[in-house]
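Beneath this line is the structure, given in structure tokens, with notes to follow.
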Amino acid sequence: MLRSEFDKSRSLSPENQSDQVEIEGLKANAVRTLSNYMLYEGGIRDSSRGGKLGAAMDKFHEKNVQGMQNRDSDPIGGTDGGKGSTRSS
């Protein structure tokens, strides 16, 4: 996966004006990815020490897993019990 991210920029040139926008976008993606990774790693370490970040990450994970399990057990695939209700704005 990491290699494919580098391959995205292989054909780009900083001298080409049209490539500069895409290069900046790829840089922003790299910064965002590194930030998320650092937050995740910090949460894992914090969790082992009983910290608030780790506890919040564990709670979020459990909530999402439970939601996925509930969704998978619904035979229709929706959350309205097969009633076909629509959400109004």
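Here the structure is a predicted model, which is why all the values come from computation and not from measurement.
Listed by first and then second residue, the side chain to side chain donor-acceptor pair (under 3.5 Å) pairs involving residues 55-66 are S47-D58 (not counting sequence neighbours).
Other residues, nucleotides and ligands contribute only 12 or fewer heavy atoms inside 6.0 Å of the CD atom of Q17.
Judged by distance alone, the side chain of T33 and the main-chain N or O of N29 form a donor-acceptor pair under 3.5 Å.
Using a 4.5 Å cut-off between side-chain heavy atoms of Ile, Leu, Val, Met, Phe, Trp and Tyr, with links allowed through other members, Y40 and F60 fall into different hydrophobic clusters.
For L26 against S9, the heavy-atom pair with the smallest separation is CD1-CB, 3.8 Å. The nearest pair of heavy atoms linking G42 to L53 is C-CD2, 4.2 Å.
To the nearest 0.5 Å, atoms CG (L39) and CG (L34) are separated by 11.5 Å. A distance of 10.5 Å separates CG of L12 from CD of Q20, quoted to the nearest 0.5 Å. Residue R71 holds its CZ atom at 6.0 Å from CE of M68, rounded to the nearest 0.5 Å.
With contacts defined as side-chain heavy-atom distances shorter than 4.5 Å, the pair V31/K27 does not qualify.
With sequence neighbours left out, E15 forms a side-chain hydrogen bond (donor to acceptor under 3.5 Å, both in side chains) with S13.
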